[in-house]
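Notes to accompany the following structure.
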Amino acid sequence: PLDERQKQQNIIQNQYKALKKIKSNPFILNVDFRIDDESNTFYEITEFQDENTLQSEFPRKTFTDEEKWNIVDNICEAVKAAHDADVYHRDIAPHNIFLTSTYATLGNFGKSYFFDHHNEGYTVMHSINQEKIGPYHALELLNEDAGRYTDIYSIGVLVYRLFVGSLPVKDCIELNR
């Protein structure tokens, strides 16, 4: 089995490959990757976000309908760019959505999956199981299945949370009962 350091390097490498496939998009968090050749360590460098995720803002802020629709529109644009490059995020949730004064960006592509993933010579291990599944994860992820539909499910839960103020279900397993 992989040690924790190797798992982290695989996640960073996965995010690097995914973002390289997507190219540039204003609604995807800008990340720069560096490698220290001496220690063979990958580094991920992002813009300073000041803990300003959608998750951290939910308890502090009441969003206007216009702000809610802007967040949804920005995230849909980010996901469209990813899907156009055959990249599936697999972890769209408020803790991976970063807010600025004018727009929202989608970050953390470390768990993403892309269509030609196995041709890259490595893979990020499937990390969703019944103990770790959350309300934003589609049931298909338990079967190690990912596609546009798994991200769209997550967006649906996000829209519900933004406009209703609560989650529709504790997790997707509850939907399957």
Side-chain angles (χ1 to χ4, degrees), residues 2 7-8 10-31 44 46 53-58 68-99 103-177:
L2 296 175
K7 285 180 189 176
Q8 286 302 108
N10 283 355
I11 288 170
I12 292 170
Q13 185 177 12
N14 192 64
Q15 182 168 230
Y16 168 78
K17 296 278 189 179
L19 291 175
K20 189 175 172 185
K21 286 177 65 61
I22 297 169
K23 308 291 188 238
S24 178
N25 183 284
F27 305 116
I28 293 177
L29 182 64
N30 188 20
V31 180
E44 172 182 339
T46 65
T53 65
L54 183 57
Q55 183 69 36
S56 68
E57 288 296 305
F58 275 144
K68 293 173 188 177
W69 282 119
N70 282 337
I71 291 167
V72 171
D73 184 54
N74 294 167
I75 298 309
C76 285
E77 287 291 327
V79 171
K80 181 183 182 321
H83 289 181
D84 286 350
D86 290 322
V87 174
Y88 312 115
H89 190 279
R90 299 196 304 178
D91 198 19
I92 299 170
H95 63 274
N96 288 326
I97 297 172
F98 298 88
L99 303 175
Y103 56 92
T105 58
L106 182 60
N108 191 3
F109 279 76
K111 294 180 182 175
S112 64
Y113 179 85
F114 31 97
F115 188 71
D116 60 351
H117 202 260
H118 294 290
N119 295 335
E120 299 292 330
Y122 68 94
T123 187
V124 170
M125 297 304 290
H126 183 69
S127 59
I128 303 295
N129 58 41
Q130 287 195 5
E131 290 78 40
K132 292 182 178 181
I133 199 146
Y136 297 92
H137 296 122
L139 187 63
E140 290 83 358
L141 292 175
L142 284 175
N143 299 323
E144 300 185 24
D145 188 10
R148 287 176 167 83
Y149 45 88
T150 54
D151 286 348
I152 291 168
Y153 173 89
S154 300
I155 292 170
V157 175
L158 176 68
V159 170
Y160 188 96
R161 171 69 175 89
L162 274 168
F163 285 92
V164 176
S166 63
L167 291 166
V169 291
K170 181 183 81 145
D171 57 46
C172 64
I173 296 170
E174 188 177 309
L175 286 174
N176 205 34
R177 289 185 185 130

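Owing to the predicted nature of the structure, the values given are computational and were not obtained by experimental measurement.
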Separation between CZ of F98 and OG1 of T105, rounded to the nearest 0.5 Å: 6.5 Å

4.5 Å side-chain heavy-atom contact, L29 and F109: no

CG-CD1 distance between L162 and I155, expressed to the nearest 0.5 angstrom: 11.5 Å

Side-chain heavy atoms of L167 within contact of Y160, under 4.5 Å: no

Intermediate values then yes/no, side-chain contact (heavy atoms from CB on, under 4.5 Å), I92 and V79: CA-CA 9 Å; I92 299 170; V79 171; 3.5 Å; yes

All pairs passing ring-ring contact (aromatic ring centres under 6.0 Å, His included) where residues 139-159 contributes a residue, at least two apart: none

Heavy-atom pair with the smallest gap, counting every atom of K111 and R90: O-NE, 2.6 Å

K80, NZ: over 12 other non-hydrogen atoms inside 6.0 angstrom: no

Min side-chain heavy-atom separation Y113-T150 under 4.5 Å: no

S154 side chain to Y136 backbone, donor-acceptor under 3.5 Å: yes

Side-chain (D151) to main-chain (H89) donor-acceptor, under 3.5 angstrom: yes

Within-4.5 Å side-chain heavy-atom neighbours: I133 and I173: yes

Check: N96 side chain, D91 main-chain N or O, donor-acceptor pair, under 3.5 Å: yes

Minimum heavy-atom distance between K21 and A85, given as atom pair plus value: CE-O, 3.3 Å

Close side-chain approach of L99 and L54, heavy atoms under 4.5 Å: yes

Cation-pi check, R148 onto Y88 ring (under 6.0 Å, within 45° of axis): no

Side-chain donor-acceptor contact under 3.5 Å, N108 with H95: no

Euclidean distance, I97 CD1 relative to N74 CG, rounded to 0.5 Å: 10.0 Å

Atom pair OG/CG of S112 and L106 - distance to nearest 0.5 Å: 10.0 Å

Note, P94 side chain near T53 side chain (heavy atom, < 4.5 Å): no

Atom pair CG (L19) and CD1 (I28), whose distance is rounded to the nearest 0.5 Å: 6.5 Å

Polar side-chain atom of H137 near backbone of G134 as donor-acceptor pair, under 3.5 Å: yes

